[in-house]
Amino acid sequence: MTQIFLLQAPADAASSPLAILQVLAMPVLLLVVMYFLMIRPQKKQEKKQREMRAALKVGDKVVSIGGIVGRVVNIRDNEITIETSVAKTMMTFRKDAIQTVVKPISD
């Protein structure tokens, strides 16, 4: 024989304000934890990327999202032209496509 126990709140407790607060506390707590563990770090990383892209200047060595390495030769509004390889191939990217700025080892 299997017995099933159901946890039920008393009828008068369901209408009390304290019971309502207890029921709402867990989802609110879950949202707060999710914000601090997932959303906030992502926003900090996005802000850092925006600042890095805004600070780009001619002569910086950059790596694109696709892995193309080159040196910045022209910056115009939302576009960056880089020079790649020994053949001095010129490629134009949007600023959003720049993943990192490669710093010299001496810095």
Next item on the list: Starting at CD of Q99, measure out to CZ of F93 and round the result to the nearest 0.5 Å.
Entry: 12.0 Å
Margin query: Is there a side-chain contact (heavy atoms from CB on, under 4.5 Å) between K44 and K48? Walk through the geometry before answering.
Written below: CA-CA 6 Å; K44 287 175 84 174; K48 185 178 174 183; over 6 Å; no
Item checked: Greater than 12 external heavy atoms within 6.0 Å of Q45's CD ->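 Atom CD in Q45 is not crowded, with 12 or fewer foreign heavy atoms closer than 6.0 Å.
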Next item on the list: Give a yes or no on whether L30 and V33 share a hydrophobic cluster (residues Ile, Leu, Val, Met, Phe, Trp, Tyr; joining criterion: side-chain heavy atoms under 4.5 Å apart).
Entry: no
Checklist line | Single-linkage hydrophobic cluster V23~V28, side-chain heavy atoms < 4.5 angstrom | finding: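 No; tracing contacts between hydrophobic side chains, which count when under 4.5 Å, never links both residues.
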Check: With sequence neighbours excluded, what pairs up with D96 under the side chain to side chain donor-acceptor pair (under 3.5 Å) test?
Finding: R94
Side chains of residues 56-83: which donor-acceptor partners sit under 3.5 Å, not counting sequence neighbours?
| from | atom 1 | to | atom 2 | distance (Å) |
| --- | --- | --- | --- | --- |
| D60 | OD2 | K57 | N | 3.1 |
| S64 | OG | G66 | N | 3.3 |
| S64 | OG | G67 | N | 3.4 |
| S64 | OG | I68 | N | 3.1 |
| R71 | NH1 | G59 | O | 3.0 |
| R76 | NH2 | E79 | OE1 | 3.2 |
| T81 | OG1 | T92 | OG1 | 3.3 |

Check: Mind checking whether I98 and K95 have side chains closer than 4.5 Å, heavy atoms only?
Finding: no
Check: With a 4.5 Å heavy-atom cut-off, do R50 and K47 have their side chains touching?
Finding: yes
